[in-house]
K.L.:
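Pasting a structure below so you can have a look.
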Amino acid sequence: PSPTEKALANQFLAPGRTPTIANERMPASKTVHIQSKARCTGEMRDELLGTRLSGKGTTDGDLRNRRCLPLDERQSAAELDAVLQHHHNLQEKLAEDMLNLARNLKNNTLAAQNIIKQDNQTLSQSMRQADLNFEKLKTESERLEQHSKKSVNWLLWLMLILVSFTFISMILFIRIFPRLR
């Protein structure tokens, strides 16, 4: 396979466990993974930069000697265009999704704002009503207090007269009816 496919396959390989302490040895699987990754990266770099030597002793990267792209490179260019188109479509879809999410967020925020405004209006009306009720309660409590002072005053006089009458009646009763011997 091409170096690109090798690098892609190498990414899917498990890298192995990384040592946690300084004097611990690196596992063999981790070492192999690092070496194969470095080799694939080097091959990809050589392929991209065209620094590999061909059988004639000249480099493939010599731009002046290139006449046209070979079939493999044309296919890879077509694949690259397809990949780029796919990524472009994904980016457009993501942008559209983000736009829809932003619209939904804006609508939810506006709905929440309207609900909060209504709650504030209801709260202010309740506060006004509570203030009116407090004022009415205050005036009624003052009236009740005045009324209770009046009734206690009359009740006090009535009780005083009743006690006095009872006291005088007792004295008269004792004088009229002396004790029997």
Side-chain angles (χ1 to χ4, degrees), residues 1-140:
S2 70
T4 308
E5 292 170 353
K6 286 181 185 176
L8 185 61
N10 192 28
Q11 285 180 356
F12 290 118
L13 290 176
R17 193 177 72 77
T18 305
T20 54
I21 53 177
N23 59 359
E24 185 179 359
R25 288 187 56 221
M26 188 176 293
S29 62
K30 180 78 173 175
T31 307
V32 169
H33 178 71
I34 291 172
Q35 288 174 349
S36 73
K37 188 174 183 178
R39 186 176 60 247
C40 290
T41 306
E43 288 176 2
M44 280 178 50
R45 183 178 54 247
D46 290 344
E47 180 182 314
L48 286 173
L49 298 176
T51 56
R52 265 187 293 178
L53 292 175
S54 63
K56 300 176 188 174
T58 60
T59 61
D60 288 336
D62 192 6
L63 296 177
R64 286 178 265 159
N65 292 336
R66 285 191 192 171
R67 301 274 182 216
C68 67
L69 294 174
L71 183 61
D72 290 343
E73 290 182 14
R74 277 187 252 147
Q75 279 182 338
S76 107
E79 290 174 359
L80 181 62
D81 288 341
V83 169
L84 288 175
Q85 183 64 34
H86 176 71
H87 283 286
H88 181 71
N89 291 341
L90 282 176
Q91 285 178 351
E92 284 182 2
K93 185 179 179 213
L94 287 174
E96 189 175 311
D97 289 345
M98 287 175 60
L99 185 62
N100 286 336
L101 288 173
R103 282 186 191 134
N104 289 340
L105 184 62
K106 181 181 177 184
N107 290 337
N108 290 343
T109 304
L110 291 175
Q113 180 184 9
N114 290 335
I115 290 171
I116 290 171
K117 281 182 182 178
Q118 290 173 355
D119 288 348
N120 284 340
Q121 289 174 353
T122 305
L123 186 61
S124 64
Q125 289 174 353
S126 298
M127 291 294 289
R128 274 189 253 120
Q129 189 65 34
D131 289 341
L132 289 174
N133 289 345
F134 181 72
E135 291 297 324
K136 286 181 183 178
L137 183 64
K138 194 175 182 181
T139 56
E140 290 299 320

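Model, not experiment: these values are computed from the prediction.
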K.L.:
Can you tell me how far the CZ atom of Arg39 sits from the CD1 atom of Ile34, to the nearest 0.5 Å?
P.N.:
13.0 Å

K.L.:
What I'd like to find out is whether the side chain of Leu132 reaches to under 4.5 Å of the side chain of Glu135, using heavy atoms alone.
P.N.:
no

K.L.:
Of Gln85, His87, Gln91, which meets side-chain contact (heavy atoms from CB on, under 4.5 Å) against Asn89?
P.N.:
Gln85

K.L.:
Please report the interatomic distance NZ(Lys117) to CD1(Ile115), rounded to the nearest 0.5 Å.
P.N.:
12.5 Å

K.L.:
About how many Å separate CD of Glu96 and CD of Glu92, when rounded to the nearest 0.5 Å?
P.N.:
8.5 Å

K.L.:
Can you tell me how far apart NE2 (His86) and CG (Leu90) are? Round to the nearest 0.5 Å.
P.N.:
4.0 Å

K.L.:
Any chance you could measure Leu84, atom CG, to Leu80, atom CG, to the nearest 0.5 Å?
P.N.:
4.5 Å

K.L.:
How long is the straight-line distance from CG of Leu99 back to CG of Leu94, given to the nearest 0.5 Å?
P.N.:
12.5 Å

